[in-house]
2 protein chains.
Amino acid sequence: MATGRTHRPATRSRGIPEATVARLPLYLRALTALSERSVPTVSSEELAAAAGVNSAKLRKDFSYLGSYGTRGVGYDVEYLVYQISRELGLTQDWPVVIVGIGNLGAALANYGGFASRGFRVAALIDADPEMAGKPVAGIPVQHTDELEKIIDDNGVSIGVIATPAGAAQQVCDRLVAAGVTSILNFAPTVLTVPDGVDVRKVDLSIELQILAFHEQRKAGEEAEAQAGAAMEAEAEAAAAAKAAGKGPDGDVPAVMPA
Amino acid sequence: MATGRTHRPATRSRGIPEATVARLPLYLRALTALSERSVPTVSSEELAAAAGVNSAKLRKDFSYLGSYGTRGVGYDVEYLVYQISRELGLTQDWPVVIVGIGNLGAALANYGGFASRGFRVAALIDADPEMAGKPVAGIPVQHTDELEKIIDDNGVSIGVIATPAGAAQQVCDRLVAAGVTSILNFAPTVLTVPDGVDVRKVDLSIELQILAFHEQRKAGEEAEAQAGAAMEAEAEAAAAAKAAGKGPDGDVPAVMPA
DNA sequence: CCATCTTTGTGCACGCGTTCACAAAGACAT
DNA sequence: ATGTCTTTGTGAACGCGTGCACAAAGATGG
């Protein structure tokens with residue numbers, strides 16, 4: 001039983017590394033843009049620049065899909081768009097349900113990127129009876145009671161959770177029990193799911209905290225450089241503790257707000 | 001000039017691996033929950049379960065911060081909350097601006113997780129003059145013209161981009177020019193930023209496509225198993241192409257919708 | 001004070017992902 | 001047909017992250 005695993009580390013799915021799979025959508029987006037501008041072919045160097053990766057990595061990524069390029073010329077844009085779409089499973093339609101139609105859920109329902117690339121919002125689901133029937137993004141919201149029936153009737157295998165943290169695990173359990181095997185989780189909680197179910201999480205708060213870490217480090221380095229490189233690691237730590245209004249070290253700090 | 005780099009691969013920030021930094025917010029969340037329940041100490045095993053990771057990894061992660069545990073007992077919850085908060089730079093207040101107050105921007109502004117952990121929404125910015133002055137989440141929206149002044153007056157170093165893709169790079173450039181050095185990008189575009197600026201991206205569409213890949217693979221494996229394990233990789237690919245309504249192989253497919 | 005038991009902290013090995021560098025392949029001009 | 005030039009595809013080396021397994025550390029009970 002995997003607990004909140006973001007990706008499968010064990011078996012490399014059909015030989016395509018997970019890291020490569022994660023980049024394919026990026027390539028696809030860049031290629032689609034080229035296709036719209038009717039660009040016939042593109043070199044690995046150009047496409048890599050457009051996708052924000054390095055060209056060796058891109059070529060290796062494509063090599064896992066097969067040999068779709070022509071040496072001396074590059075890659076056929078249309079053909080590659082199709083190959084990647086097929087590999088990602090976007091040549092078929094994926095019905096998706098969104099559970100939790102608050103601010104975020106509504107934003108997701110309105111997001112254009114959904115419908116445009118193989119995904120179709122099959123239903124919006126919310127626990128609030130007041131919401132039932134109200135249209136959001138042109139789709140009437142349905143009550144949580146209908147969840148199992150909706151999943152079953154529409155053959156939904158992908159669910160999006162945009163509920164408050166407290167409700168997420170329960171919703172997740174019901175989705176899984178009803179047959180959903182892939183979940184995109186926006187709630188700030190670790191979801192526990194049975195084996196065979198994939199969970200990916202999107203967590204605003206975590207991303208911000210990671211940025212804050214780097215931001216602090218940048219500020220620290222700058223201060224260190226200004227102070228004339230005399231500040232040792234110990235001194236820095238002490239200064240930080242002091243700045244936070246604490247004693248020399250080792251005493252219990254004020255509790256962080258929830 | 002880094003192009004849309006998500007994290008710095010080169011220098012390991014002050015010895016703490018990037019992978020560890022990305023997990024610290026997870027630990028912090030679990031610890032905060034324990035703190036609220038007034039749990040005094042926790043073992044690596046328990047905390048790891050709560051955070052959805054394995055205990056050896058957690059212990060190794062904490063070892064980068066220092067030796068904060070007590071053998072035979074575990075970790076002091078309050079103390080650890082403080083140490084991680086300090087390491088992540090959450091003991092200080094980070095003013096944040098959100099640019100692009102559409103559905104998503106509004107949802108972000110309303111998101112409680114912002115204010116609660118060291119982040120403060122300093123301003124909401126939108127290009128639409130109609131929006132100016134309207135309060136969203138209790139904060140009046142300001143026009144893009146004010147961007148530079150807002151950044152400067154509030155000492156903002158973290159910016160959130162929730163604009164349409166077309167406007168993202170331009171907004172990014174202005175943010176960076178005004179002094180922002182960390183950007184959280186929700187727009188489906190690769191952002192190009194100068195060295196020293198961190199960019200993290202959150203991309204719904206990409207996450208869904210990754211799930212679709214695994215979903216397709218699961219479906220394929222299932223079909224393979226049912227068919228009696230006689231289906232080879234080649235046969236599988238051919239079947240997929242056929243299901244998509246294509247000829248035997250190698251001919252140019254229909255173009256995907258934008 | 002000593003023995004036992006729990007739990008941390010970490011050395012080590014392994015595997016994945018990235019990058020380099022180059023040979024093979026094909027287009028294109030002459 | 002042949003040579004040149006561009007660009008792909010990949011073998012090999014390296015570094016990071018993960019997980020195992022165990023010794024060291026300290027609490028707890030007698």
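Below, all heavy atoms of this structure are taken into account, side chains as well, without hydrogens, waters or symmetry copies. So that the names make sense, note that chain A is the first sequence line, chain B the second, and so on, each numbered from 1.
Rounded to whole angstrom, the span from the CZ atom of B/Arg23 across to the P atom of D/dG17 amounts to 9 Å. Residue A/Tyr68 contributes atom OH, which lies 19 Å from atom C1' of C/dA25 at whole-angstrom precision. At whole-Å resolution of the value, CZ in B/Arg59 and P in D/dA24 are 16 Å apart. Atom CG in A/Asp61 sits about 14 Å away from atom P in D/dT8, given to the nearest Å. Atom pair A/Asn54:CG and C/dG17:C1' shows a separation of 12 Å (rounding to whole Å applied). Atom CG in A/Leu47 sits about 13 Å away from atom C1' in D/dT8, given to the nearest Å. The CG-P distance, from B/Leu80 to C/dT8, rounds to 11 Å in whole Å. Rounded to whole angstrom, the span from the CD atom of B/Glu18 across to the P atom of D/dC16 amounts to 13 Å.
For A/Gln216, there are no side chain to side chain donor-acceptor pair (under 3.5 Å) partners, not counting sequence neighbours. Residues passing the side-chain contact (heavy atoms from CB on, under 4.5 Å) test with B/Thr189 are B/Ala165, B/Ala168, B/Ala187, sequence neighbours excluded. Applying the side chain to side chain donor-acceptor pair (under 3.5 Å) test to B/Thr163 and every residue at least two apart in sequence or in another chain returns nothing. Not a single side chain to side chain donor-acceptor pair (under 3.5 Å) links A/Gln92 to another residue, sequence neighbours left out.
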Polar-atom pairs under 3.5 Å, protein N or O versus N or O of nucleotides 1-7 of chain D: list them with distances, or write none.
| residue | atom | partner | partner atom | Å |
| --- | --- | --- | --- | --- |
| D/dT7 | O4' | A/Gly72 | N | 3.0 |

Quick test: give all pairs of protein nitrogen or oxygen and nucleotides 12-14 of chain C nitrogen or oxygen below 3.5 Å, distance rounded to 0.1 Å.
| residue | atom | partner | partner atom | Å |
| --- | --- | --- | --- | --- |
| C/dC12 | N4 | B/Lys60 | NZ | 3.2 |

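In the set D/dT18, D/dC20, D/dG9, the nucleotide with an atom closest to the side chain of B/Lys57 is D/dT18.
With rounding to the nearest 0.5 angstrom, the CD atom of B/Glu87 is 12.0 Å from the CG atom of B/Leu28. A distance of 9.0 Å separates CZ of A/Arg86 from CG of A/Leu65, quoted to the nearest 0.5 Å.
Inter-residue side-chain proximity for B/Phe62 and B/Leu80 is flagged as met; some heavy-atom pair is nearer than 4.5 Å. You'll find the side chain of A/Ser205 reaches within 4.5 Å of the side chain of B/Tyr111, heavy atoms only. A 4.5 Å side-chain heavy-atom check between B/Leu191 and B/Ile161 finds at least one atom pair inside the cut-off.
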